[in-house]
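One-based numbering along the sequence shown. Quick caveat: nothing in here was measured; it's all calculated off a predicted structure.
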Amino acid sequence: MAATDPGPALEDLAVSEDAAADSVDSSAPEDTQGEDLAEAEDVTPDVEAPPVYVPPPPSPAEGRGFLIARGALHVHNLYSHDACDGTVDEDPKNDVCHAQFREQVCTSGLDFVFMTDHPSNMSGEEDFTRLLYFNEALGDTLVKNAAGDPIANVMHCPESIAGPPRDVVLTVGFEGTHTMPLGLQGHLEPRSLEKVSLEDTTPESERQAVVDAIHEKGGIVAIAHSEEEELSAATIAGLPIDAMEQYNMHANFNVVLATEIQRVFALQPFLDGAPDAPPGDLALLAMLDAFPEAAIEKWYAVSSIRPITGVIGSDVHQNVTTDGYCTPGGEYEALCDSLVELYPALVAALKKGGPLLLSDGKRIDSYERVFRWLHNRVLVQERTAPAIIEALRLGRTTSVFPLFGELDGFDFHAEIGDQILEMGSSVALASSPKLVVSTPKPYPTPWAAFTLEEAPLAEIDTRILGFDATGAKIMDTTVTSVGGGGGPTTVTPDMAGRYHVEISIRPKHEAKALRGQADLASKTYRWLMSNPVYITP
């Protein structure tokens with residue numbers, strides 16, 4: 001989650017005291033959360049044992065020879081000027097931030113992290129081993145290609161809250177202006193191409209040159225911040241770009257700041273020091289329903305014209321701070337004092353400055369938290385860099401918000417008789433393909449705040465969407481389930497187009513964990529966005 005400036009002026013946050021009071025007020029003495037969820041609330045927290053990792057049941061795709069690789073992309077650390085609270089030039093703080101990064105990669109349940117640092121900070125590093133964050137002393141394994149060039153770093157993570165020992169694959173990429181190559185096997189040639197933007201105003205010859213250079217270095221050409229207006233669907237569709245963001249964490253934050261700034265006050269109940277606070281990771285629910293639609297709608301448009309993989313971008317920098325808002329003697333100190341009765345924990349955090357800490361004592365934008373909030377779930381033959389890159393290129397991936405639970409039983413594919421075609425495949429309409437979708441059940445993980453007994457309370461909408469080559473919607477079928485699971489849903493398309501699945505959830509299985517904020521469990525959030533199956537004329 002990027003934060004290249006301290007954020008909006010506090011008068012923007014103030015809105016009015018009435019608007020602030022209309023948002024979540026954890027200090028109110030009366031229960032205003034609704035009778036239907038009142039019994040699920042737990043106002044007296046129990047002392048619970050640390051969560052124990054229990055592996056979820058195997059995915060249906062595993063029966064077809066696939067493994068699930070969970071990973072983050074659009075990630076910044078030591079080679080990004082605005083990462084680590086903007087301290088990339090201060091080596092002692094870098095060491096601390098990078099140590100946190102390594103530790104939290106291991107405790108987040110990931111199998112891969114595709115780094116996307118900034119070219120200006122990477123320019124002095126000719127050796128890819130440094131850009132891969134390789135550390136032989138810590139036991140890392142450097143992976144090389146047939147030419148002997150380093151292409152990946154494998155971190156060997158010890159047993160942790162995320163489960164037994166696991167390997168996590170790191171690769172090199174970068175984020176320029178919308179240009180976000182993933183899994184590079186070397187610097188672009190010439191290096192000046194790293195500065196080329198893929199936005200509409202860039203000459204087409206330059207855009208084509210940078211796309212070709214990325215492919216020559218074995219990388220995926222991906223688009224960062226698809227939601228922004230200076231990059232049109234027509235431009236993306238007109239180039240051999242492999243992937244684009246359906247969602248970006250920073251974009252979600254910007255939607256809240258631009259349209260519903262009072263939601264900032266809804267963080268009060270989740271903050272360090274707030275009474276009876278829910279688990280910190282659930283703070284995402286205060287803003288996730290304000291989904292930035294522009295990026296996913298642009299992906300709908302591009303993927304209707306030609307195949308392109310949709311991915312979910314973490315955009316994590318660990319750099320969100322509250323310095324300058326309400327510090328003593330500051331411009332907004334009096335305003336903060338007027339809000340302290342309703343929002344004591346929030347005002348205390350704003351006066352203190354620094355990172356915003358949630359109820360678990362960890363910062364809101366830690367690597368661990370953002371990695372647990374969202375990930376790409378890729379079908380691979382093996383969890384290696386080349387296999388993951390190839391699966392992403394083919395579109396065998398779903399974008400997931402795992403704070404609602406692991407996807408027990410999810411599956412989406414096409415069938416022609418006994419033949420199964422995975423996401424990203426193309427199949428002729430004349431062959432009478434069927435689309436098969438299995439609705440998942442939420443399965444608890446150490447960072448999804450519910451038990452197996454509570455999982456059946458979740459209300460799940462499985463939506464099959466189809467668009468023709470003009471972008472017109474040709475299918476919109478929704479199956480609603482309480483608890484998920486059950487038999488697969490099969491539909492038979494009667495028109496050529498691209499078809500994918502989106503699963504939304506009303507997380508009533510997390511109402512108890514939400515405590516006084518149980519009303520958030522009745523809202524609808526996206527849980528999963530699959531990639532399409534393409535049905536050709």
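For the pair Cys97 and Tyr367, the minimum side-chain heavy-atom distance is below 4.5 Å. Using a 4.5 Å heavy-atom cutoff, the side chains of Arg463 and Ile503 are not in contact. Side-chain contact between Asn252 and Asn248 is absent, with no heavy-atom pair separated by less than 4.5 Å. When side chains are defined from C-beta on, Leu198 counts as touching Val211, because their heavy atoms get closer than 4.5 Å. Phe174 is listed as a side-chain neighbour of Pro119, based on a closest heavy-atom distance under 4.5 Å. Tyr534 is not listed as a side-chain neighbour of Arg306, based on a closest heavy-atom distance of 4.5 Å or more. A heavy-atom distance below 4.5 Å is found between the side chains of Asn77 and His98.
A 6.0 Å sphere centred on CD of Glu229 holds no more than 12 heavy atoms belonging to other residues, nucleotides or ligands. Residue Lys441 places its NZ atom among 12 or fewer non-hydrogen atoms of other residues, nucleotides or ligands, all under 6.0 Å distant.
Between Tyr525 and Phe401, the distance from one ring center to the other does not fall under 6.0 angstrom. Taking the six-membered ring for Trp and the full ring otherwise, the centers of His74 and His225 sit less than 6.0 Å from each other. In summary, the aromatic rings of Phe412 and Phe410 are positioned with their centroids too far apart to meet the 6.0 Å limit. The aromatic ring centroids of Tyr300 and His500 lie less than 6.0 Å from each other. Close placement of the Tyr133 and Phe101 rings is indicated, their centers lying within 6.0 Å of each other.
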Checklist entry - Given the rule in the side chain to side chain contact (heavy atoms under 4.5 Å, CB included) test, do Ser226 and Leu231 qualify, once you have shown the distances and angles that lead to the verdict? => result CA-CA 7 Å; Ser226 307; Leu231 182 65; 5.8 Å; no
Checklist entry - So Leu356 and Leu267, side chain to side chain contact (heavy atoms under 4.5 Å, CB included) or not? Walk me through it. => result CA-CA 10 Å; Leu356 194 64; Leu267 291 175; 4.1 Å; yes
Checklist entry - Between Val105 and Phe371, does a side chain to side chain contact (heavy atoms under 4.5 Å, CB included) hold up when you go through it step by step? => result CA-CA 8 Å; Val105 162; Phe371 290 158; 3.7 Å; yes
Next on the checklist: Ile308 vs Ile236, test: side chain to side chain contact (heavy atoms under 4.5 Å, CB included). Steps then yes/no.
Outcome noted: CA-CA 9 Å; Ile308 188 168; Ile236 300 172; 3.7 Å; yes
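Between Met475 and the choices Asp494, Val491, Leu465, the side chain to side chain contact (heavy atoms under 4.5 Å, CB included) rule is met once, by Val491. Test Glu230, Glu245, Glu199 against His178 for side chain to side chain donor-acceptor pair (under 3.5 Å) and you get one pass: Glu230. When each of Leu131, Ile151, Thr116 is checked for a side chain to side chain contact (heavy atoms under 4.5 Å, CB included) with Val172, only Leu131 meets the rule.
A cation-pi arrangement is found for Arg498 relative to Trp299, the charged atom lying closer than 6.0 Å to the ring centre and inside a 45° cone about the ring normal. Phe291 carries Arg526 over the face of its six-membered ring, with the cationic atom under 6.0 Å from the centre and within 45° of the normal.
Judged by distance alone, the side chain of Asp408 and the main-chain N or O of Pro440 form no donor-acceptor pair under 3.5 Å. For the pair Ser80 (side chain) and Ala83 (backbone), a donor-acceptor distance under 3.5 Å is absent. In this structure, Glu62 contributes its side chain and Ser59 its backbone to a donor-acceptor pair below 3.5 Å. Although no hydrogens or angles enter the test, the distance criterion places no donor-acceptor pair under 3.5 Å between the side chain of Asn531 and the main chain of Met423. Put simply, the side chain of Thr462 never gets that close to the backbone of Thr439: no donor and acceptor are under 3.5 Å apart. Side chain of Asp140 to main chain of Asn153: no donor-acceptor pair is present (N/O by atom type, distance under 3.5 Å, no hydrogens or angles). Counting only distance, with no hydrogens or angles, the side chain of Ser314 and the backbone of Val316 share no donor-acceptor pair below 3.5 Å. In this structure a side-chain-to-backbone donor-acceptor pair under 3.5 Å is missing from Glu406 to Tyr443. A side-chain donor-acceptor contact under 3.5 Å links Asp111 to the backbone of Arg70.
Salt bridge absent: Asp212 and Lys217 never bring a charged side-chain N and a carboxylate O closer than 4.0 Å. Salt-bridge check for Arg369 with Asp360: passed, with a basic side-chain N closer than 4.0 Å to an acidic carboxylate O. In this structure, Arg363 pairs ionically with Asp365, as a charged nitrogen and a carboxylate oxygen lie closer than 4.0 Å. With respect to Glu422 and Arg64, a salt bridge is recorded, a charged nitrogen being found less than 4.0 Å from a carboxylate O. Under 4.0 Å is where a charged nitrogen must lie from a carboxylate oxygen, and between Lys298 and Glu227 no such pair does.
The distance from atom CE of Met244 to atom CD1 of Ile296, rounded to the nearest 0.5 Å, is 10.0 Å. Rounding to the nearest 0.5 Å gives a distance of 8.5 Å between CD1 of Ile312 and NE2 of His375. Annotation: the span from Ser481 atom OG to Ile460 atom CD1 amounts to 5.5 Å, rounded to 0.5 Å.
Using cut-offs of 30° and 60° for the angle between ring planes, the His118 and His317 rings count as tilted.
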